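In the text below, chain A, chain B and the rest are named by the order of the sequence lines, each starting its count at 1. None of these values were measured; they are calculated from a predicted model.
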Amino acid sequence: MAGVHEKNNVAASAAEDNLAGSSRSGGPLRSENSYRWNPRDEPLVHEPAARQPPVLTYPPPTPDPRLFNPQQMRFLFQKKLQNSDVKANGRIVVPKREAESHFPVLVSKERGLWLHLDDMDYMQVWTVRFRFWPNERSRMYILDHTSEPKL
DNA sequence: GGGTCATGCATTTGT
DNA sequence: CAAATGCATGACCCT
């Protein structure tokens, strides 16, 4: 993922044929953790509630880049990429707190969610899969399929 | 001490 | 054989 670094502005939208069906309906989902819900944490892109999507094991077609008005964007979080995020693994670890506050809700480890990430610095769309692994009694969230496609 | 996460590694899948 | 995948482990925070 050569073009993505910690300062990039990236906007995410659920892949159209792989809807989350789980847009937040306001308010925190987990009251037991310390994250304090802010109304401005509502997702930027609201998808209509939908049927259970099929589990896609292959990436859906990547849409063309879109133009965004920076005035209408808001900062969510940043992460300094680690070695293991940019090595050949093709995965990027998403911090749990951010994953659970800003990303769509994942219902099971088998049901990942394909996301189109708009790289606004390079006008490029990255199609990656958001999913998690069970880890201890918790979850470890990752984006995978993050490697450059082989030519 | 418990939770998170960077990373290693074994297994599975693809070429 | 290479790449992708699934999971485990240990270091490193916080509280």
Item to check | Counterpart residues, ring pair (Phe, Tyr, Trp, His ring centres under 6.0 Å), relative to Phe132(A) (two or more places apart) | outcome: Tyr141(A)
Checklist entry - Quick one: Lys87(A) NZ to dT5(C) P, roughly how many Å, whole number? => result 19 Å
Item to check | Which residues share a salt bridge (charged side-chain N to carboxylate O under 4.0 Å, His left out) with Arg91(A), sequence neighbours left out | outcome: none
Checklist outcome for this item: Minimal heavy-atom distance between Ser147(A) and Gly90(A), with the atoms involved, is OG-CA, 3.2 Å
Checklist entry - Can you give the first and last nucleotides of DNA chain B, 5' to 3', that have an atom under 4.0 Å from a heavy atom of chain A? => result dT4(B) to dG8(B)
Checklist outcome for this item: side chain to side chain contact (heavy atoms under 4.5 Å, CB included) with Leu117(A): of Thr146(A), Leu143(A), Thr62(A), only one passes, and it is Leu143(A)
Item to check | Minimum side-chain heavy-atom gap Arg131(A)-Ile142(A) below 4.5 Å | outcome: yes
Item to check | Qualifying residues under side chain to side chain donor-acceptor pair (under 3.5 Å), relative to Ser84(A), sequence neighbours excluded | outcome: none
Checklist entry - Can you say whether the rings of Phe77(A) and His102(A) are parallel (under 30°), tilted (30 to 60°) or perpendicular (over 60°)? => result parallel
Check: protein-nucleotides 6-9 of chain C nitrogen or oxygen pairs below 3.5 Å:
residue : atom : partner   : partner atom : Å
dG6(C)  : OP2  : Arg131(A) : NH1          : 3.3
dG6(C)  : OP2  : Arg131(A) : NH2          : 2.4
dG6(C)  : N7   : Arg91(A)  : NH2          : 2.6
dG6(C)  : O6   : Arg91(A)  : NH1          : 3.1
dG6(C)  : O6   : Arg91(A)  : NH2          : 3.3
dT9(C)  : O4   : Asn135(A) : ND2          : 3.1

Item to check | Residue list, side chain to side chain contact (heavy atoms under 4.5 Å, CB included) with Asp64(A), at least two apart or on another chain | outcome: none
